[in-house]
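Encoded as structure tokens, the structure appears first; notes follow it.
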Amino acid sequence: MQMDKSDLKIVFMGTPSFGLPSLKMLMEEGFFVRAVFSQPDRKAGRGHRMLPTPVKLLAQELDLPVYQFDKIRMPQGVEALKDLAPDLLITAAYGQILTQEILDIPKLGCINVHASLLPKYRGAAPIQWAVINGEKKTGVTTMMTALALDAGDILERDEFLIPNDMTAGELYDSLSGLGANTLRRTLEKLLVGTLERTPQNEDEATYFPMFKKGFGAIDFNQDCEKIRNFVRGTNPQPGAYILYDCHKIKVFRVECEKTDKFYKPGEVLAANAKSGLVVAAQNGAVVIRELQWPGKCKTSDRDFLCGRSIPVGTVFGSPL
RNA sequence: CGCGGGGUAGAGCAGUUUGGUAGCUCGUCGGGCUCAUAACCCGGAGGCCGGAGGUUCAAAUCCUCCCCCCGCAA
């Protein structure tokens with residue numbers, strides 16, 4: 001059986017910018033996007049103003065109806081979705097758990113775009129954790145949404161090689177775009193009836209949670225390469241940091257430097273405008289290349305040290 | 001009305017409480033030392049102190065309003 005793009009009635013669900021390329025793709029390819037669901041506007045940012053979500057903004061630009069429910073699983077949300085009578089549900093970082101009742105509404109089910117090579121890196125922050133763990137490769141997976149988190153049957157996957165110095169933020173953008181491609185291919189196969197479902201191998205599944213509050217403290221008591229990965233994996237959000245004199249110095253970029261001598265991890269080995277800010281780690285030193293003092297803008301360590309001094313020998317504390 | 005920090009030479013900061021010739025580190029330019037240097041020494045240039053009013057003999061500094069940047073928290 002064959003279907004035409006314009007006959008496939010889709011409801012798209014997404015919240016942060018991860019879903020933007022996918023939603024754009026749907027429109028450009030001529031799919032029939034009936035409506036968009038996104039998280040409610042929330043007080044956010046400085047001043048606590050009500051801010052629309054990125055997906056909502058795009059949907060409005062595209063003149064698509066937007067639905068925002070605190071909890072889509074409540075009767076109101078379910079009813080709204082039933083009234084829309086979609087053939088297919090597509091989610092991309094929507095941020096709400098779908099119930100079986102909801103999954104049963106669309107005739108063709110629900111497809112989720114996930115930023116990892118499932119079954120690896122299930123969970124809410126697969127991109128950041130892949131970088132923190134120093135993965136060389138990650139990717140995007142489309143899957144049939146099931147009740148268990150990120151555990152549905154795999155449809156299509158695209159791999160992505162992570163450059164050695166890429167930050168989580170950069171990877172996020174790359175995978176957002178890649179996700180649109182993966183989704184396009186998935187839908188094309190769906191339309192011509194060649195889409196195959198592959199159950200996930202539960203034995204290979206890994207799960208990584210959302211960052212907890214306060215997460216981001218740099219532990220100098222470990223390999224400097226691990227520290228480097230930690231820093232780029234938390235860049236730009238939430239940002240790695242060092243506590244110094246009750247000030248939270250955010251760190252956005254570091255380089256590794258091998259040393260023969262042993263120093264106390266966390267000890268400041270150099271801190272001047274010439275050599276930059278060098279801190280001892282477990283098996284070498286970490287040169288902090290980009291940082292930010294609270295209330296100030298991001299700067300290089302050298303510029304930073306032009307105006308402030310950190311005594312050599314200071315030992316940055318490690319988290320408990 | 002969520003809490004808070006900040007806007008001063010190209011860069012990063014001090015000075016503001018206790019008004020009165022604008023200072024530090026780096027960069028830059030010139031000179032010197034040196035086999036040599038991103039090292040060291042000497043010297044110079046470069047600021048309407050975020051903007052607009054006000055107080056004052058005098059405002060970076062005190063008062064009022066505005067603009068911009070950022071941290072926390074969400």
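A note on names: the letters A, B, ... follow the listed sequences, proteins ahead of strands, and every chain is numbered from 1. None of these values were measured; they are calculated from a predicted model.
- A:Tyr172 and A:Phe18 have perpendicular rings, their planes meeting at more than 60° on a 0 to 90° scale where under 30° would count as parallel.
- Nearest-nucleotide positions on RNA chain B place A:Gly295 closer to the 5' end than the other of A:Gly295 and A:Lys248.
- The phosphate of B:G71 (OP1 or OP2) has a side-chain N or O of A:Gln292 nearer than 4.0 angstrom.
- Between A:Lys296 and the phosphate of B:C13, there is a side-chain N or O to OP1/OP2 separation shorter than 4.0 Å.
- Side-chain polar atoms of A:Gln292 and A:Tyr241 form no donor-acceptor pair below 3.5 angstrom.
- For B:G71, the OP1/OP2 oxygens have a side-chain nitrogen or oxygen of A:Arg46 closer than 4.0 Å.
- Between A:Lys213 and A:Arg49, the residue anchored closer to the 5' end of RNA chain B is A:Arg49, taking for each the nucleotide with the nearest heavy atom.
- Residue A:Lys298 is out of contact with every strand shown, counting any heavy-atom pair closer than 4.0 Å.
- Base pairing annotation: B:A60 forms no Watson-Crick or G-U wobble pair, as no partner gives both donor-acceptor distances under 3.5 Å.
- Within a 6.0 Å radius of NZ in A:Lys5, other residues, nucleotides and ligands contribute more than 12 heavy atoms.
- For A:Arg302 and B:C26, the shortest distance from a side-chain N or O to OP1 or OP2 is not below 4.0 Å.
- What separates CZ of A:Phe211 from P of B:A73 is a distance of 15 Å, to the nearest Å.
- When both pairing distances are held under 3.5 Å, B:C65 makes a Watson-Crick or G-U pair with B:G51.
- When the side-chain nitrogen and oxygen atoms of A:Lys43 are compared with OP1 and OP2 of B:G2, none of them lie within a distance under 4.0 Å.
- Across all strands shown, B:U25 is found opposite B:A11 as a Watson-Crick or G-U wobble partner, with both distances under 3.5 Å.
- Nucleotide B:C40 has B:G32 as its partner under the Watson-Crick or G-U criteria, with both atom distances under 3.5 Å.
- Using a cut-off of 4.0 Å between Lys/Arg side-chain N and Asp/Glu carboxylate O, A:Arg185 and A:Glu188 are scored as not salt-bridged.
- Atom C1' of B:A11 sits at a distance of 11 Å from the matching atom of B:U28, rounded to the whole Å.
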